[in-house]
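In what follows, a structure is listed as structure tokens, so that the remarks can point back to it.
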Amino acid sequence: MGLREYVVRRFLQLIVTFWAFFTLLFVLFRMMPGDPTSMFILDGMTPEQREQRIAELGLDQPLYVQYVEYIRQLLTGDFGQSFIYREPVTDIILIRFMNTIVLMGTALVFAYLIGVTFGALMGWWRNSRFERGGIIVTLMARSSPEFWVGIVLLSVFVFWLGWFPSSGMRTTGGELGGGFVARYGSLDFLRHLFLPALTGAIVYLATPTLLMRSTMLDVLNADFIEIKKAEGLPERTVLYKHAARNSILPLVTVAAIATGAAMGGSVVIETVFNWPGMGREMVRAVNNNDYPVAMAAFFLMGSVVILMNFVADLAYVYLDPRVEYE
Amino acid sequence: MSTGTTSPIDSATSTIGNGIDYVRTKLEVFEGDRLGQIGLATLFVFLVIGIFARPTTIEFLNLTIPGIAPHDPGERAVGGRLESPSAAHPLGTTDMGRDVLSQVIAGTRVTLLVGSLAAFMAVFIGTNVGLVSAYFGGWVDDVLMRITDIVYGVPFLPFAIVLVAILGNSLVNIIVAIVLILWRSTARVIRSQVLSHKQRPYVESAQAIGAGHLRIMYRHILPNVLPLTFLYAAFAVGWAVIAEASLSFLGFGDPNMLSWGEMIYNVYTANAIREAWWWVFPPGICIMLFVMSVFFIGRTLEEVVNPELRHQE
Amino acid sequence: MTLLDITNLKTYYRAEDGWVRATDDVSLSIERGETVGLVGESGSGKTTLAKSIIRLLPDNAEIVDGSVAFDGTEITELTDSELRKQLRWSEISMIPQNAMNGFDPVYTVGQQIVQVIRYHEDGTSKAEARERARSLFDELGIEPDRVDDYPHQFSGGMAQRAMIALALALSPSLVLADEPTTALDVVIQDRILETIKKMQKELNSAMIMITHDMSVVSETCDRIAVVYGGRIIEIADAETIITNPRHPYTLGLRNAFPDINDDDQELISIPGTPPELVDPGEGCRFAPRCPFAEEACWEVTPEPESYGDGHEVECHRADEVELLQTEAGKKETWLEQEIGRPDDPTADRATAEVESDD
């Protein structure tokens with residue numbers, strides 16, 4: 001099978017996965033105990049208003065019609081109206097989604113940059129004090145839920161040292177408006193970003209670090225490393241260009257899983273730091289029975305993870321010339 | 001029935017017996033592994049605290065074992081509001097005047113419960129899915145692995161929040177939510193392990209003498225992948241505890257079962273995070289220590305499953 | 001003119017129960033353009049000896065004594081960076097046993113050849129280096145365009161040729177070939193060996209050919225050193241080692257490999273396994289497996305004895321050459337029961353001796 005066929009097949013798989021995910025969402029949000037319509041109906045409506053609202057929402061239709069209609073709406077990016085904000089869900093969620101991506105993206109990039117370097121060095125200097133200490137520190141970070149790391153950082157850097165603001169995205173507000181640069185392009189924003197991003201980086205650091213270390217140990221035993229040393233290449237070249245470059249392959253696959261963890265983790269980190277993102281919005285929406293918003297948030301998070309899995313598979317093929325497209 | 005066949009119960013007991021023997025011999029790896037020993041010791045302490053947290057009455061003996069917790073964790077005003085640590089309340093009090101130490105001790109139970117139950121069920125499901133998927137292959141494998149892929153596409157916390165919101169926030173529902181996601185990694189790993197065992201001569205010879213599918217799967221292959229299952233169970237305990245703590249922290253915990261995560265949620269809702277460090281840090285540190293202990297144990301088990309690591313380290 | 005001069009080299013590995021004497025008091029010198037074979041079983045220390053020359057040793061190994069002089073430079077005294085820049089690959093390169101694993105799988109073979117050329121030659125452009133890789137491929141019988149292929153796209157024989165191209169890219173004075181053909185089938189083996197010989201002649205490179213295969217060294221080497229238990233126990237020109245060896249171990253090795261000219265030859269293997277090299281103590285290290293061992297062999301380590309024309313043997317009974325050669329050709333001689341120290345109650349059989357070492 002050629003590369004092109006592989007990509008096409010993987011793409012078809014992606015569509016099937018998305019369809020299954022859509023269906024899961026539909027089932028979940030229609031699984032409410034009692035009258036499935038009750039949560040879409042606000043108190044204090046007259047019976048006529050009720051009827052009209054149910055018809056509006058299409059809830060009087062048979063389930064399969066609702067299902068088809070639901071898929072149609074998802075594909076057109078129409079998530080309906082928020083019960084609380086009384087605005088289109090898309091408007092509410094998109095900007096918060098951006099805020100989340102900026103925060104968790106920063107966290108993941110740092111987690112991977114630091115983790116890969118750290119793990120590579122741990123493998124290179126095996127049996128050293130650096131390696132042993134590194135393993136303990138990494139396991140400590142991995143054993144801490146996001147909210148705990150966040151609280152420790154808050155206590156130290158905000159409550160005790162007072163170096164950073166405790167919550168939000170900007171001192172001046174305006175977190176949900178303005179253009180990209182206006183929102184993210186200031187020192188004030190970076191000061192707000194630092195602690196929540198660091199929290200994510202610390203928690204997600206462990207997986208790439210430990211994985212990098214163990215694959216490094218495997219790769220360092222390979223014959224070609226000895227040849228590269230015999231070629232007289234500097235240690236740095238052998239370490240980064242050959243040993244680390246080969247060890248990075250399994251990390252690509254894990255990156256997709258890390259994105260999933262980060263999407264879920266955003267819910268916690270944003271709550272701790274009061275970050276105006278999609279995760280915090282989701283908690284709020286669920287607590288207020290604002291199901292269209294909760295569903296849209298869930299939908300976006302899942303979509304990011306599924307897409308990342310797809311990208312990771314393709315990236316792997318690109319990075320490892322040995323892959324045969326089975 | 002012909003001679004020489006063992007009853008299912010016998011074979012089950014012998015399988016379990018073999019498993020236990022196996023674990024016993026393999027426990028030797030903890031010798032000389034400092035981290036593993038620390039993990040075991042810490043877990044043991046938590047276990048004792050969890051079991052004897054509250055007074056236990058054994059009815060027919062008319063015997064009451066006193067609990068470790070000095071107070072009822074839910075009782076209000078055993079001390080003043082938000083008192084810092086003192087001799088009477090070594091970890092201070094909450095905004096309602098509850099004893100923090102007692103809450104931490106009582107929270108151990110919830111953690112043990114969630115950790116062991118969720119991990120057991122997740123690994124049970126994962127092992128079976130992996131085993132069936134790899135053994136039968138074909139469309140069975142396709143379907144089961146697609147389902148696993150899809151579960152990999154579901155971010156845990158959002159899913160659990162929605163599920164708990166729908167089903168109600170009880171400990172059982174929290175465990176269900178955790179299990180529904182957590183089985184996926186075990187399934188994938190066991191599947192790949194079983195795939196390699198399927199090719200080995202012992203499976204072929206079992207097939208040759210006419211052993212049934214169930215017998216080959218559970219009698220012949222399963223014992224060989226069991227060490228990996230134990231390893232994943234150890235890690236699953238850690239992840240389950242983290243998951244429960246996070247859910248409780250977000251306010252989706254079981255209101256009747258005070259857990260460490262929920263304690264921190266209470267600090268947040270009481271707006272006391274800035275001042276009441278004695279209320280925040282003990283549960284947080286406990287979560288970290290507990291999860292670390294199972295991860296340390298897992299790491300040691302990893303060396304049993306993958307002996308090459310032992311030479312490398 | 002002497003290119004490499006190894007004197008009294010000792011390379012030991014640290015183990016839990018002491019030093020493993022993988023190379024123990026070895027002297028060997030090699031002329032320019034000469035090919036020397038190092039023959040011995042696996043575990044005999046032949047690879048450690050070769051790798052000591054470029055100090056390509058694992059962390060737990062150490063050159064504890066002796067000298068390695070390469071073209072007048074004392075290698076044991078170079079700093080790491082001097083060693084890398086002046087000697088490795090530019091003067092001394094190597095061909096590993098399995099070429100497929102010798103290339104980094106994520107780069108093309110051409111990229112790897114270009115990288116090493118450009119690292120060692122400041123003035124060479126990428127295009128020039130690539131051109132050299134292509135012409136090397138051409139000479140070695142590989143389609144030049146295949147420099148752009150990844151290692152996994154080569155067959156075993158082709159990968160080995162590509163590895164030779166890599167090894168010769170900087171026209172080194174010495175090539176260490178570690179079992180360069182063991183992984184290949186016999187027909188390809190011969191062609192690869194021919195290619196190596198041809199290229200080596202053109203460049204006038206010396207070579208150390210490490211192998212356990214007597215037939216490989218007999219075809220390719222000028223001189224052969226037989227390695228056992230970390231020591232060179234016999235060394236001479238190839239002709240002498242094949243036709244007129246004096247050490248029982250060499251005789252035994254010769255028995256274990258088919259002679260192309262003799263169809264009726266019976267293959268006889270040497271019973272037992274190579275000795276553990278942790279504190280081996282006094283006595284000949286081959287004695288436990290030697291059918292000719294006498295009392296002295298167990299007590300006194302034999303010194304190298306010269307038999308003219310550079311033929312040196314470490315054996316107490318090397319003078320009884322006729323007896324040894326006749327007896328060694330008989331299968332009965334090498335039966336396990338016949339070997340061992342007769343009057344030593346603790347180890348009266350070869351197998352017992354070997355097992356007690358484990």
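These numbers come from a predicted model, not from an experiment. Note on naming: letters A, B, ... go to the chains in the order of the sequence lines (proteins, then strands), and numbering restarts at 1 for each one. Just so you know, these numbers use all the heavy atoms, side chains as well, and skip hydrogens, waters and symmetry mates.
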note = In this structure, CD of A:E146 is separated from CD1 of B:I242 (nearest 0.5 Å) by 8.0 Å
request  = Flag the pair A:M282 / B:L157 as yes when at least one side-chain heavy-atom distance between them is below 4.5 Å, and no otherwise.
outcome  = no
key: Interchain contact, B:I264 with chain A, by part (heavy-atom threshold 4.5 Å)   = side chain
query = Within a radius of less than 6.0 Å around CZ of B:F44, do more than 12 heavy atoms belonging to other residues, nucleotides or ligands occur?
reply = no
request  = State which residue, out of B:S246, B:P155, B:P158, fulfils the side-chain contact (heavy atoms from CB on, under 4.5 Å) condition with A:V267.
outcome  = B:P158
task = Could you pull out all residues at least two apart from B:W239 that satisfy ring pair (Phe, Tyr, Trp, His ring centres under 6.0 Å)?
result = B:F295
query = Can you list the residues that meet the ring pair (Phe, Tyr, Trp, His ring centres under 6.0 Å) rule with B:F290, with sequence neighbours excluded?
reply = B:F46
request  = Let me know if A:L154 has heavy atoms under 4.5 Å from chain B in its side chain, its backbone, both or neither.
outcome  = side chain
ask   = Hey, does B:V280 have a side-chain heavy atom less than 4.5 Å from the side chain of A:S155?
value = no
Under 3.5 Å donor-acceptor pairs involving side-chain atoms of residues 303-314 of chain A, not counting sequence neighbours:
from   : atom 1 : to     : atom 2 : distance (Å)
A:S303 : OG     : A:F299 : O      : 2.7
A:N309 : ND2    : A:V305 : O      : 3.3
A:D313 : OD2    : A:R10  : NE     : 2.7
A:D313 : OD2    : A:R10  : NH2    : 3.2

Audit row: A:F147, B:Y268, side chain to side chain contact (heavy atoms under 4.5 Å, CB included) steps and yes/no = CA-CA 11 Å; A:F147 69 86; B:Y268 256 77; over 6 Å; no
query = At what distance, to the nearest 0.5 angstrom, does CD1 of A:I135 lie from CZ of B:R299?
reply = 4.5 Å
query = Given the options B:D149, B:I147, B:I285, which has more heavy-atom pairs under 4.5 Å with chain A than any of the others?
reply = B:I285
key: Interface residues of residues 136-145 of chain A facing chain B - non-hydrogen atoms under 4.5 Å apart   = A:I136, A:L139, A:M140, A:R142, A:S143, A:S144, A:P145
inquiry  = Any non-hydrogen side-chain atom of A:W148 less than 4.5 Å from a side-chain atom of B:I287?
reply    = no
key: chain A contacts, top residue of B:F249, B:F156, B:F252, B:Y152 (heavy-atom pairs, under 4.5 Å)   = B:F249
